[in-house]
There are 2 protein chains.
Amino acid sequence: MTSQPAFRRVEPDARRASLIEACARVLAREGAAGASVRAIALEAGVSPGLVGHHFGGVDALIAATYAQVEAQVSAALDAAVAAAGPDPRARLNAYVSASLLPPIADNALLSTWIAFWSLVRARPEIARLHDEQYGRFRAGLEALLAEAGVPSPALRRTAIAATALVDGLWLELCLSPHTFAEGEAAQIAREGLAGLTSTGR
Amino acid sequence: MTSQPAFRRVEPDARRASLIEACARVLAREGAAGASVRAIALEAGVSPGLVGHHFGGVDALIAATYAQVEAQVSAALDAAVAAAGPDPRARLNAYVSASLLPPIADNALLSTWIAFWSLVRARPEIARLHDEQYGRFRAGLEALLAEAGVPSPALRRTAIAATALVDGLWLELCLSPHTFAEGEAAQIAREGLAGLTSTGR
DNA sequence: TCGCTTGCTGAACGATCGTATAACAAGCGC
DNA sequence: GCGCTTGTTATACGATCGTTCAGCAAGCGA
């Protein structure tokens, strides 16, 4: 009889993408402590050695996963803003609401983010990626706040406060999802944002 | 010559306290990934076996450390409120400001908290402790908001928003301390709180 | 159909993890 | 001063960690 191939050869880029996806799933399911080379390789259906072969080490794989997940989140937020139309306030609300609604508020994704946070202290590369991500999120919020009429002097602080509000709700939504529903978190964020911006101008 | 004792016998309660303090220091310095039995025992100046002897396992030690750190934070917040005098708004501001100022905003303490968060998914006991801690913090905020005149229907959501605001600032202060100064975070929180409460009534 | 490139495997390595346990000794009570 | 309680140490165990690497084999090109 003809034996089927023991494994399939895949071009490097596709294999790397496959490993990144598997890493994201493991991080979401088991947290940072469970994201071992062997667990990720098992999830991807390959041998442990492939991680070292394509990424050099598990740290680089996790960093790449961070970058990819963040790109997806960023794209989803941009899409939500674009779909909200031209009204500045509507665009602002869309940005904040989308951050706390599926698919971004998906529990697995939030767990993945927590895992990244827990690695910030130990991995300088992850810390650098976090700074970039936080800066991007706040810059996006600043731009929308400026559109909505928040005056320039208060812009930075209002954006920081709004970012913190969203992050805090996001965090609690992940740590204990039963405290409040996803929809409630988004509503609280919108109401809070109204309060924050009414003070600033 | 007379050889000095190889170790000192300490009563269980004192030794447990010593191990908890060592655990907190290790968590602050190296994060959750570095909080191994051996690292904690080395920090405390004892042998690794003592952790098992006094706590049964490392999980119980970490949970006990969480409980103790949280008690210290809670006590510091209560003291800040008490020192603020009778004015409701001043008491509210004191509660929020104290959360983002030393010694609570101490970087080591915030790192400790991040380590706890990273353990919430894997350790049900830690998750339970987090729920209790979050509930206590929000309840304290709700009481102060009620004093300050926030009407009952908006109380819950205002408290959730304010808690999220503080947690988000706290988080960013820990992940990248260079983003803003400690004093700035507290100021942003006070301004944001004013906005949140002005909307609610 | 055959050879060659190279993606891939799987075993092995040393380090470190949490835990269990037998032996030791500090220091109190007598 | 001496025995006893028990806090403490030191070691050993099995599991799992990240990484390495020699060799296999998939599948394209000739």
Side-chain angles (χ1 to χ4, degrees), chain A residues 1-23 26-27 29-65 115 118-119 122-126, chain B residues 1-23 26-27 29-65 115 118-119 122-126:
Chain A
M1 66 181 183
T2 57
S3 63
Q4 59 181 353
F7 60 93
R8 282 196 327 153
R9 290 169 76 99
V10 176
E11 66 177 5
D13 283 345
R15 183 64 80 188
R16 267 190 281 267
S18 166
L19 283 169
I20 286 174
E21 288 171 14
C23 180
V26 172
L27 282 173
R29 190 199 317 132
E30 310 184 39
S36 68
V37 171
R38 286 170 179 80
I40 295 168
L42 180 65
E43 177 74 23
V46 298
S47 80
L50 253 198
V51 172
H53 184 264
H54 283 296
F55 289 91
V58 71
D59 288 18
L61 170 55
I62 292 177
T65 305
S118 74
L119 296 174
R123 314 277 158 86
E125 172 71 7
I126 300 285
Chain B
M1 67 181 180
T2 57
S3 62
Q4 58 181 356
F7 60 92
R8 284 195 326 150
R9 290 170 74 101
V10 177
E11 65 179 5
D13 284 344
R15 183 64 81 188
R16 267 189 283 265
S18 166
L19 283 170
I20 286 173
E21 288 171 15
C23 180
V26 172
L27 282 173
R29 190 198 318 131
E30 311 184 37
S36 67
V37 170
R38 287 169 179 81
I40 295 168
L42 179 66
E43 176 75 24
V46 298
S47 80
L50 255 197
V51 172
H53 184 265
H54 283 295
F55 289 92
V58 71
D59 288 18
L61 170 55
I62 291 176
T65 304
S118 76
L119 296 173
R123 314 278 158 85
E125 172 70 7
I126 300 286

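Here is the naming used below: chain letters follow the sequence lines, and residue numbers restart at 1 for every chain.
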Please give, in whole Å, the distance from C/dG7 P to A/H54 NE2?
7 Å

Reading 5' to 3' through nucleotides 24-30 of chain D, protein heavy-atom contacts under 4.0 Å coded B for base, S for sugar-phosphate only, - for none:
-BBS---

Expected rows: protein N/O vs nucleotides 17-21 of chain D N/O, under 3.5 Å:
| unit_1 | atom_1 | unit_2 | atom_2 | d |
| --- | --- | --- | --- | --- |
| D/dC17 | OP1 | A/S36 | OG | 3.2 |
| D/dG18 | OP2 | A/V37 | N | 2.9 |
| D/dG18 | N7 | A/R38 | NH1 | 2.8 |
| D/dG18 | O6 | A/R38 | NH2 | 2.7 |
| D/dT19 | OP2 | A/V58 | N | 3.0 |

Just do the side chain to side chain contact (heavy atoms under 4.5 Å, CB included) check on B/L50 and B/R15 with the steps written out, would you?
CA-CA 9 Å; B/L50 255 197; B/R15 183 64 81 188; 3.8 Å; yes

Using whole Å, report how far CD of B/E30 lies from P of C/dT16.
12 Å

Got A/V58 and A/S36 here, is their nearest side-chain heavy-atom distance under 4.5 Å?
no

Which pair of non-hydrogen atoms, one from A/P48 and one from A/V37, has the smallest distance, and what is that distance?
O-CG1, 3.6 Å

What's the CG-P distance between A/D13 and C/dT6, to the nearest Å?
15 Å

State, to 0.1 Å, how close A/A63 and A/I126 come at their nearest heavy-atom pair, and which atoms those are.
CA-CD1, 3.7 Å

A side-chain contact here means heavy atoms from C-beta on lying under 4.5 Å apart; do A/V10 and A/S18 qualify?
no

Atom pair distance, as rounded to whole Å: CG in B/L50 and P in C/dT21:
17 Å

Applying side-chain contact (heavy atoms from CB on, under 4.5 Å), name anything that partners B/E21, two or more places apart in sequence or on another chain.
B/R25

In whole Å, what is the span from the CZ atom of B/R123 to the P atom of C/dG18?
9 Å

Which of these, B/L61, B/L27, B/V46, sits in a side-chain contact (heavy atoms from CB on, under 4.5 Å) with B/I40?
B/L61

Taking all atoms of both residues into account, what is the closest heavy-atom pair of B/A115 and B/A32, and its distance?
CB-N, 3.6 Å

Give the rounded distance in Å between these two atoms: CZ of A/F55 and P of C/dC8.
12 Å

